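Okay, structure first, notes after.
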Amino acid sequence: MVRGPQTTMSDDRKPYPFRDFEPKWQARWDSEKTFRTAGPGDEGFDPAKPKYYVLDMFPYPSGAGLHVGHPEGYTATDIIGRYKRMNGFNVLHPMGYDSFGLPAEQYAIKTGQHPAVTTAANIENFRRQLKSLGFAYDWDREIATTDPEYVRWTQWIFLLLYSSYFNAESNRARPVAELEAKGWTREQIDAERLAYVADTPVWWSPDLGTVLANEEIEEWKSKGHTVERRPLRQWMLRITKYAQRLIDELDGLDWPEGIKLLQKNWIGRSEGAEVVFTVANKDITVFTTRPDTLFGATYMVLAPEHPLVAEITTSAQQAAVEAYRKTCASKSDLERGDLNKDKSGVFTGAHAINPVNGAEIPVWIADYVMMGYGTGAIMAVPAHDERDFEFAQKFTLPVIQVVAGENVGETSALPCCDPGIAINSGFLDGLATADAKAKMIDWLETNGKGKRRIQYKLRDWLFSRQRYWGEPFPIVWKDGHHHAIADSELPLLAPPLDDYKPSGTPDPLLNKATEWVQLHDGSIRETNTMPQWAGSCWYYLRYCDPSNKDRFISKEAEQYWSGKGASTGMVDLYVGGTEHAVLHLLYARFWHKVLFDLGHVGTPEPFQKLVNQGLILGEDGQKMSKSRGNVVNPDDVVREYGADALRLYEMFMGPLEQVKPWQMKGVEGVSRFLARVWRIAFEEKSDGGHQVSAKIKDIECADKELLRVVHETIKKTGEDIEKLSFNTAISQMMICTNAFTQAEVVPLKEFIQFLTVLNPFAPHLTEEIHERVAAVTGRRCSPLSETAWPTYDPAALVRNEIEIVVQVNGKLRERLTVAKDADEEMVKSLALQSPKVLEHTDGKTIRKIIFVPGKLLNIVAA
RNA sequence: GCCGGGAUGGCGGAAUUGGUAGACGCGCCAGACUUAGGAUCUGGUAUCGCAAGGUGUGCAGGUUCGAGUCCUGUUCCCGGCACCA
């Protein structure tokens, strides 16, 4: 439930006049470019200042505008950015728009409006909303991935991938020019490019009219779109070459372990071996992670799509095999994988020779073996693999146990996939699994029957789309070959179309623009477009040097914003949702590594520290959605309570990384807190105006306890911001506010220190109070945003008297107030005089006394 | 099934290396100010009990002078992956 009309705050009821001053400060920050960041080459740049790069995952500017999840991460980074700025850092805190993408195009289909038009309108709305929250972005660095100047460099980086290959010896990307120099043929070179064309089975969505990457299909399926497998000619990026580095180089990153693990599992490294079986004089290679179980292979399975199936199938089995392959081809992904795990398959009639013992085993085809992983063929060891076991049971195939539990001979339940001791395995008998694997691989390699192999689940990145609203490939085709267009022709922009509706065939939409496609020299343009991920793969680099006409980023800007080599990642803090764990975050790392290999960036990783903000649920504890009607619109909250209250509330709800439900009452709570701060500064005049409170006095603080709370607040707030523990920082500032409220006199200096500390959280309110109060007291007044973060005085933190807890046998029995440096003897003697303590030690012998200085005394008595 | 993360009042959540469980806020109760209160200020608020005192951090054990925190087992919730050989 959102607030009913009864509780709506009318204008005269609002607790402090945020509607008057929030827009005022926003306008001032805008016109004065308060948060402009000077980088290398800019006026006012100070290279001696340490840099701090704090980044938000930029939004897709949808028609719905910001939801309350956006300001959660954005406020967190804003607080950090403002705080670092006050601590003398040169802070880069930019914002932009990931503005290519399907929804704009779907909208164009409905309305006929060019996606550029709706995108521009959406961006304008997002910008308005972002500015209404008072974020300290450097708006001069704003970028949109659809901006032609941005598209230019996205295409330029694509061409860099196109003109590079992965050199296995140096384990990094190098220009293909090296291969040309070595006299490689065009075909050989094309087979090595990091961006290449391949005919592969891809995920094609007829209703979206495009193919999708493996990483994307889940998302679109969940939105009700269909996808099907289809062999198509597509552009691919050779991300698999980076599989190992993408795993290894996670180590140096300050990322949540869960996200690292997610990426590792997605890349899916497996160690094992290839084993060559012979079938009808043909070699069929299988991949296995358990070469030690080779003696237990009782049949072989090929994926239905395996190219050798047709060749080995006997005539007797031909009809059955053909029928089975047909069913598999028509099965959707869901039918084949997610829903139906029942085993199915057909015998090919062929037999394979097990290289290690010459045994003849039947060859089957079954859809539980995938063409896309390993070699598309397996040796089945039903005794030690659950899937093979299930299959063997169903088709009554033999099962041979070749691994026993720790005590050889003990029969364990099958299938058993745990390591153990090899049995029934010839020369492996008696070896532990790890040793048996090694020995078998040695045997295979010695006898030319196989070799060690590391396999990854990660596939190459399917990079082309058939839709309109994306970067066109800067490629032309002539005589059946692809060619890069010249850098001088960039950006290559798509022409407007009359009709954006997908044709229902895999033909790219841009084919409709026949004049654009056909070039005078007889070559034709590539008509696929890039996926939305392309723009987000490098936007954090462009922010560093957003208007550079000559390069995607200048060397100087890149070096300065990468820092002095203390870390492996460029961005110091990156905040965004978990949903990008294996998509954007993997793709961007890949591009960054290519740029690193080719000398364009100086760090191997883009994002040093990553924090995932937790999802904000609706007031009903459910995920916010239009259909549930539990969506909270930030515009409404700003109108009712103001930007500062929204910022504060989102930070006060709970830990940043935690999933937490929205509570409109909580917004009222922080709004009341801000109003209390306002009332410390001002008293209301009879005409409704505000005058600076008479309690504020520019005198030395005589109230030691108040002074202690203020300095405690300076200390704790700073420490908590560093830890991103914003909720506890706010809690401390509330305590401080309560102390000021109750004080007879509010000392000006301490009050301004408090405002400074609160400023990153509630910038409008604090600036307004500061400006008005300073004007009256005649103090020099530069804005708080230009003020240094206050330092706390450790001496002010010390309490003269402290409370010591006295426990008897671990139970709290007494509290003693003693001098802060009271020693054990002192506390002990006081405790042993206490009637409450004596009551519980009465008749017992004191065995032991534990003293924790400044904390507690525990008397052990029995 | 596998891999992560979590479980603390009526609610959101606090709790340094193990050392006063429930900070702060919401809600609720009482009081003050007031023509009024849905504003503000003050006090109270884990639970049982008149009290003394007892009991309490999903559940069952363990280590310890002392456990929300460490160990073992277990249940439930959330997220991710899911025939990857």
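Nothing here was measured: the structure is a model prediction, and the numbers come from that model. The sequence lines fix the lettering, A, B, ..., with proteins before strands; numbering per chain opens at 1.
- Taking atom C1' on both nucleotides, G12(B) is separated from A7(B) by 15 Å, rounded to a whole Å.
- For the pair Glu668(A) CD and U40(B) C1', the computed distance is 15 Å after rounding to whole Å.
- Among the heavy atoms of the strands, none lies under 4.0 Å from Thr578(A).
- Pairing partner, U16(B): none, since no Watson-Crick or wobble contact has both distances short of 3.5 Å.
- More than 12 non-hydrogen atoms from other residues, nucleotides or ligands lie less than 6.0 angstrom from CD of Gln244(A).
- Put simply, Arg813(A) has a side-chain N or O that comes within less than 4.0 Å of OP1 or OP2 on G54(B).
- Taking the C1' atom of each, C11(B) and G22(B) are spaced 13 Å apart, rounded to whole Å.
- A residue-by-residue look at Met653(A) and Met379(A) shows that Met653(A) has its nearest nucleotide of RNA chain B further toward the 5' end.
- Judged by Watson-Crick or G-U wobble contacts below 3.5 Å, the nucleotide C11(B) has G25(B) as its partner.
- Rounded to an integer number of Å, the gap from Leu262(A) CG to A82(B) P is 10 Å.
- Among the heavy atoms of the strands, none lies under 4.0 Å from Pro256(A).
- Note on Val286(A): nothing from the nucleic acid sits closer than 4.0 angstrom, heavy atoms only.
- Remark: the separation of the C1' atoms in G56(B) and C48(B) is 11 Å, to the nearest Å.
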Derivation of the side-chain contact (heavy atoms from CB on, under 4.5 Å) call for Leu857(A) and Ile850(A): CA-CA 6 Å; Leu857(A) 186 82; Ile850(A) 288 126; over 6 Å; no
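- With Glu719(A) as reference, Lys715(A) is the one residue of Lys716(A), Lys715(A), Lys723(A) to meet the salt bridge (charged side-chain N to carboxylate O under 4.0 Å, His left out) rule.
- Nucleotides A52(B) and G25(B) are separated by 27 Å at their P atoms, to the nearest Å.
- Note on ring orientation: taking the six-membered ring where Trp is involved, the planes of Phe391(A) and Tyr368(A) are tilted (angle from 30° to 60°).
- Between the P atom of G80(B) and the CG atom of Leu583(A) lies a distance of 12 Å, rounded to the nearest Å.
- In this structure, C76(B) forms a base pair with G6(B), meeting either the Watson-Crick or the G-U wobble geometry with both donor-acceptor distances under 3.5 Å.
- For Gly654(A) and Lys457(A), each mapped to the nucleotide of RNA chain B holding its nearest heavy atom, the one lying further toward the 5' end belongs to Gly654(A).
- A side-chain contact (heavy atoms from CB on, under 4.5 Å) with Val363(A) holds for exactly one of Leu302(A), Val309(A), Leu308(A); it is Leu302(A).
- The base-pairing partner of G66(B), taking Watson-Crick or G-U wobble contacts with both distances under 3.5 Å, does not exist among the strands shown.
- In summary, of the residues considered (Leu444(A), Val381(A), Val286(A)), a side-chain contact (heavy atoms from CB on, under 4.5 Å) with Leu294(A) occurs for Leu444(A) alone.
- Residue Lys715(A) contributes atom NZ, which lies 13 Å from atom P of U16(B) at whole-angstrom precision.
- In summary, Glu839(A) and Lys836(A) do not engage in a salt bridge, as defined by a charged side-chain N under 4.0 Å from a carboxylate O.
- Atom NZ of Lys394(A) and atom C1' of C83(B) are 13 Å apart (whole Å).
- Within 6.0 Å of NZ in Lys623(A) there are 12 or fewer heavy atoms belonging to other residues, nucleotides or ligands.
- When heavy atoms are screened at a 4.0 angstrom cut-off, Arg453(A) is found touching no nucleic acid atom at all.
- Comparing the P positions of U8(B) and C59(B) gives a spacing of 10 Å, expressed to the nearest Å.
- For the P atoms, the distance linking U34(B) with C50(B) amounts to 38 Å, nearest Å.
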One character per nucleotide, please: for nucleotides 18-25 of chain B, 5' to 3', B when the base has a protein heavy atom closer than 4.0 Å, S when only the sugar-phosphate does, - otherwise. -BB--BBS
Protein-nucleotides 4-6 of chain B N/O pairs closer than 3.5 Å?
none

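- Rounded to whole Å, the distance from CD on Glu683(A) to P on C33(B) is 21 Å.
- The interatomic distance linking Glu579(A) (CD) with C81(B) (P) rounds to 12 Å, in whole Å.
- C76(B) and A60(B) have their C1' atoms separated by 15 Å, given to the nearest Å.
- With its glycosidic angle within 90° of 0, G9(B) adopts the syn conformation.
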If you apply the rule side-chain contact (heavy atoms from CB on, under 4.5 Å), what do you find for Val670(A) with Arg672(A), and how did you get there? CA-CA 5 Å; Val670(A) 293; Arg672(A) 276 207 278 271; over 6 Å; no
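- Partner assigned to G31(B) is C41(B), using Watson-Crick or G-U wobble distances below 3.5 angstrom.
- For Tyr373(A), the listed nucleotide lying nearest its side chain is A85(B); candidates were U55(B), A85(B), G53(B).
- Side-chain polar atoms of Ser834(A) and Glu814(A) form a donor-acceptor pair below 3.5 angstrom.
- Ring geometry for Phe395(A) versus Trp364(A): interplanar angle of 30 to 60°, hence tilted.
- Atom CD of Glu650(A) is separated from atom C1' of C26(B) by 17 Å (rounded to the nearest Å).
- Between Phe18(A) and Tyr16(A), the angle of the ring planes goes over 60°, which puts this pair in the perpendicular group of the 30/60° scheme.
- A gap of 42 Å separates the C1' atoms of C77(B) and U40(B), to the nearest Å.
- In this model, the phosphate group of C65(B) is approached by a side-chain N or O of Lys848(A) to a distance below 4.0 Å at OP1 or OP2.
- The pairing partner recorded for C81(B) is G1(B), the criterion being a Watson-Crick or G-U wobble arrangement whose two distances lie under 3.5 angstrom.
- Residue Arg679(A) places at least one side-chain N or O under 4.0 Å from the OP1 or OP2 atom of C41(B).
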